[in-house]
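Read through the structure below, which is laid out as structure tokens, and then see the notes.
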There are 2 protein chains.
Amino acid sequence: MSSVEPRRRADAERNIAAIIRVASDLFGRGQSPSMAEVAGAAGVRRATLYGHFPSREELIDAVITHAITHTDETLTALALDRDPADVALERLVRTSWPILDRFRRLRTAALAELGSERLRRHHDRTLHHVDQLIRRGQDDGLFRTDLPLDWLVTTFYAVLHAAADEADAGRISPSAAPDLLTRTVLSLLTLRRDDLPEDT
Amino acid sequence: MSSVEPRRRADAERNIAAIIRVASDLFGRGQSPSMAEVAGAAGVRRATLYGHFPSREELIDAVITHAITHTDETLTALALDRDPADVALERLVRTSWPILDRFRRLRTAALAELGSERLRRHHDRTLHHVDQLIRRGQDDGLFRTDLPLDWLVTTFYAVLHAAADEADAGRISPSAAPDLLTRTVLSLLTLRRDDLPEDT
DNA sequence: CTTAACTTGGACACTGTTGTCCAAATTAAT
DNA sequence: ATTAATTTGGACAACAGTGTCCAAGTTAAG
């Protein structure tokens, strides 16, 4: 991205970080905050915000870029290509589903405001993690193949999203969510077998 | 609602109908059209629109009311309380899932613009249909009970919504959607020995 | 055909948002 | 302690949306 670091002062660095942090949060909540709201939440004047991000578009772009990096790191650390696919999936859901959901919402917001063109450049390696995991599960005979991969991925995210909505609305407790989600997602993806051995 | 019919002229009646029709469509698509857009799409001047609906809020209110009536009629005609719950559910999904989804989006839009207070008066008898159907399925031992009813209802709608999004985006063909949906929803709701709670 | 209802076209005030600009104050770095 | 980067406070223009108003034109209904 930038080979030339313009030697920024520490307070500028701090403000930029704060702005991206709160903006990620606000946009990730599915809202569409004004620049004034972002600036206010970051404890900064509007002029400062515009000093760092010349336009709303560039702000969103920066937020997306940051989120991709962060999400990708998290998912990579989860080593989703290890262990049987259903085990890896459970690990993913139990520990990181809010991250996945936030990234999804951010992406939706960005899609609405930037259009699909500007978003395509960020070639979604984040979403690819899940894609590959589910495909692996299918290949290994753990996940169902009577429904197309794309559709399975879609429903997976749909359920995550629903859980996040319910949690936000306080209709399910954050502590109950992982269990609910894990069971739902696994029973959605795994092969139907009525002959399950009882070992757990 | 209205015991006093104000003796409207025929063209006014026509315009009101057109406005509600296009507004339902625009809001039901998940967009948030301006009054000008609604008026334009209805083939009417803004002044006329405001003549019938004094404010944006009242327009949305009218659209919601209309949608509830229409949706409720459709669902009632489906006689969801007849046949085994899974059969009734398949009937519902195969024939009327777009209606259900449109109503959901409308409700979301209204929630965002009117707030939850003004929306509570429309006491959601529409959503109740599905609620009762799934409960009946649980009571009859056809649907799983290892997940709470509310959560099952939520995921049901989440999957419908996802299908609608995919269809809108052209990623699944409208002809393939009912099959995909039916299979997904049924395998999500129906009982399987796999999902029995570990202990107890 | 006449009246009353309705629509039109356009103007207007008001609000919220984006984006720009600048002089003065503050703060980090050397 | 000096310099240069950065923030501040506020003003400003431009634009889009809501809601109001009205005089003149059109249309349905008796």
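Here is the naming used below: chain letters follow the sequence lines, and residue numbers restart at 1 for every chain.
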**OP:** Heavy atoms under 4.0 Å is the rule here; annotate nucleotides 15-24 of chain C 5' to 3' with B where the base is hit, S where only the sugar-phosphate is, and - elsewhere.
**Re:** --SBBBB---
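- Taking the salt bridge (charged side-chain N to carboxylate O under 4.0 Å, His left out) definition, one finds that A:Asp11 meets it with A:Arg9, sequence neighbours left out.
- With sequence neighbours excluded, the residues that form a salt bridge (charged side-chain N to carboxylate O under 4.0 Å, His left out) with B:Glu57 are B:Arg118.
- Under the salt bridge (charged side-chain N to carboxylate O under 4.0 Å, His left out) criterion, A:Arg46 pairs with no residue, sequence neighbours left out.
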**OP:** Sugar-phosphate atoms are those with a prime plus P, OP1 and OP2; base atoms are the rest. Using that split, label each nucleotide of nucleotides 25-30 of chain D B, S or - for protein heavy atoms under 4.0 Å, 5' to 3'.
**Re:** --BSS-
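- The local environment of NE2 in B:His52 is crowded, with over 12 non-hydrogen atoms from other residues, nucleotides or ligands closer than 6.0 Å.
- Applying the salt bridge (Lys or Arg N to Asp or Glu O under 4.0 Å) test to every pair with at least one member in residues 156-176 of chain A, sequence neighbours left out, gives these pairs: A:Arg105-A:Asp165, A:Arg105-A:Asp168, A:Glu166-A:Arg171.
- Within a 6.0 Å radius of CZ in A:Arg135, other residues, nucleotides and ligands contribute 12 heavy atoms or fewer.
- A:Asn15 has no side-chain polar atom (N or O) that falls below the 4.0 Å cut-off from OP1 or OP2 of D:dT6.
- With sequence neighbours excluded, the residues that form a salt bridge (charged side-chain N to carboxylate O under 4.0 Å, His left out) with A:Arg29 are A:Asp25.
- Using a 4.0 Å cut-off, no side-chain N or O of B:His52 falls inside it from OP1 or OP2 of C:dC6.
- Spacing between atom CZ of B:Arg45 and atom C1' of D:dG19 amounts to 17 Å, rounded to whole angstrom units.
- When the local axes at the two ends of the helix from C:dT2-D:dA29 to C:dT30-D:dA1 are compared, using 5 base pairs at each end, they differ in direction by 30° after rounding to 10°.
- Listed by first and then second residue, the salt bridge (Lys or Arg N to Asp or Glu O under 4.0 Å) pairs involving residues 65-76 of chain B are B:Asp72-B:Arg125 (not counting sequence neighbours).
- Distance, B:Leu59 CG to D:dG17 C1': 14 Å, rounded to whole Å.
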Side-chain atoms of residues 147-154 of chain A: list all donor-acceptor pairs with protein atoms under 3.5 Å, sequence neighbours left out, distances to 0.1 Å.
from     : atom 1 : to       : atom 2 : distance (Å)
A:Trp151 : NE1    : B:Thr184 : OG1    : 2.7
A:Thr154 : OG1    : A:Asp150 : O      : 2.9

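- Pairs passing the salt bridge (Lys or Arg N to Asp or Glu O under 4.0 Å) check and including a residue from residues 58-68 of chain B, sequence neighbours excluded, read B:Asp61-B:Arg121.
- Rounded to whole Å, atom P of D:dG17 lies 14 Å from atom CG of B:Leu49.
- Partners of B:Thr108 according to the side chain to side chain contact (heavy atoms under 4.5 Å, CB included) rule, which considers only residues two or more places apart in sequence or in another chain, do not exist here.
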